[in-house]
Amino acid sequence: MEVMSGSCRFGLWFVHVWWSGAMIHHVLFSKSPLPGAVPPSFTRYCAGKEERFQSYESVATSYPTIYGQIYQAVRNVPYGETETYGEIAGTVSTSARVVGQAMRRNPTPLVIPCHRIVGKHHIGGFTPSPEIKEALILMEKKTRKRKQPG
DNA sequence: AACGTACACTTAT
DNA sequence: ATAAGTGTACGTT
């Protein structure tokens, strides 16, 4: 199937997406736009809707290394919640550092919600800029709050 | 095939 | 604040 590409806005950033059918190949934050539209899930998500990308699959979860398991575990972290690198490490029997490395190399952010994985004592990094991570976490919290007050 | 290095972490000084 | 422990991938012999 043909690989499609496009971008949508998230604040000051653009979210570039490459996909074919239900398979997401690559997602990337950039300062400049890429021509073309993105699957509706992405525009919904960027508009602050609760979106789990459930009808999509990421190439990342089928990596043959332990990274594949890490990505799978991260995918299960619900919208609006966070977990630490160490906690993810526990579920797949590796170290927090390795989880950090897997997050750094995550080919499909948002689909694999690596922004929900934070350090125990600090927010942790994000490529290309940790501001994005903060904004995403904040946005999800606000959406959650709006949905179920109290 | 082996080795060295780079890390989006964590825990103990 | 800083160092030691950590597990994996990846590039370089």
Side-chain angles (χ1 to χ4, degrees), chain A residues 3-20 22-34 38-39 41-147:
Chain A
V3 176
M4 316 282 290
S5 66
S7 68
C8 68
R9 232 181 212 300
F10 176 75
L12 303 172
W13 295 86
F14 289 91
V15 183
H16 296 199
V17 183
W18 286 265
W19 77 101
S20 66
M23 177 64 75
I24 309 294
H25 293 264
H26 196 71
V27 176
L28 162 68
F29 284 87
S30 163
K31 285 285 196 187
S32 45
L34 179 74
V38 296
S41 288
F42 288 86
T43 40
R44 277 203 299 275
Y45 180 86
C46 290
K49 305 283 171 49
E50 177 162 346
E51 171 59 54
R52 293 169 192 275
F53 299 97
Q54 234 153 10
S55 49
Y56 292 100
E57 201 178 339
S58 165
V59 290
T61 49
S62 54
Y63 284 3
T65 63
I66 195 170
Y67 279 25
Q69 300 169 53
I70 294 174
Y71 293 130
Q72 188 58 61
V74 171
R75 250 213 112 151
N76 294 333
V77 179
Y79 188 99
E81 294 180 25
T82 59
E83 230 171 286
T84 64
Y85 295 97
E87 285 166 343
I88 297 293
T91 73
V92 299
S93 306
T94 184
S95 74
R97 196 101 192 240
V98 170
V99 174
Q101 238 185 153
M103 296 306 95
R104 181 169 60 96
R105 298 173 178 294
N106 177 14
T108 62
L110 303 190
V111 181
I112 306 295
C114 58
H115 59 278
R116 295 180 195 140
I117 311 305
V118 298
K120 194 168 184 185
H121 307 295
H122 58 288
I123 188 169
F126 195 84
T127 308
S129 162
E131 304 166 13
I132 300 174
K133 187 173 186 175
E134 265 190 282
L136 290 170
I137 291 174
L138 182 64
M139 179 187 80
E140 293 192 2
K141 272 190 180 145
K142 281 202 289 202
T143 302
R144 263 300 187 79
K145 210 171 181 179
R146 188 166 64 242
K147 200 182 172 187

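Chain letters run A, B, ... following the sequence lines, proteins first and then strands; every chain starts at 1.
No side-chain donor-acceptor contact under 3.5 Å links A:Arg52 to the backbone of A:Pro78. One N or O on the side chain of A:His16 and one on the backbone of A:Ser32 form a donor-acceptor pair closer than 3.5 Å. In this structure, the side chain of A:Lys120 does not engage the main chain of A:Gly86 through any donor-acceptor pair within 3.5 Å.
Distance, A:Ile70 CD1 to B:dC9 C1': 12 Å, rounded to whole Å. Taking atom CD of A:Glu134 as the reference point, atom C1' of B:dA8 lies 14 Å away to the nearest angstrom. Remark: C1' of B:dA8 and CZ of A:Arg116 are 17 Å apart, rounded to the nearest angstrom.
Within a 6.0 Å radius of CG in A:Leu12, other residues, nucleotides and ligands contribute 12 heavy atoms or fewer.
Annotation: ring-ring contact (aromatic ring centres under 6.0 Å, His included) contacts involving residues 47-77 of chain A, sequence neighbours excluded, comprise A:Phe42-A:Phe53, A:Tyr45-A:Phe53, A:Tyr63-A:Tyr71.
Here the options are A:Val38, A:Leu136, A:Val15, the test is side chain to side chain contact (heavy atoms under 4.5 Å, CB included), and the partner is A:Cys46; only A:Val15 passes. Exactly one of A:Lys145, A:Lys49, A:Arg116, A:Lys133 qualifies for a salt bridge (Lys or Arg N to Asp or Glu O under 4.0 Å) with A:Glu140. That residue is A:Arg116.
At B:dT11, one or more side-chain N or O atoms of A:Lys120 fall inside 4.0 Å of OP1 or OP2 (strictly under the cut-off).
Taken together, the paired segments of DNA chain C that extend over three or more consecutive Watson-Crick or G-U pairs, each closer than 3.5 Å at both contacts, are B:1-7 with C:7-13, B:9-13 with C:1-5.
As judged by a 4.0 angstrom heavy-atom cut-off over every strand, A:His122 is placed among residues touching the sugar-phosphate backbone only.
With a 4.5 Å cut-off on side-chain heavy atoms, A:Met4 and A:Trp18 do not count as touching.
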Counting primed atoms plus P, OP1 and OP2 as sugar-phosphate and everything else as base, spell out the protein contacts along nucleotides 3-12 of chain C at 4.0 Å heavy-atom distance: B, S or - for each nucleotide, 5' to 3'. --BBBBSS--
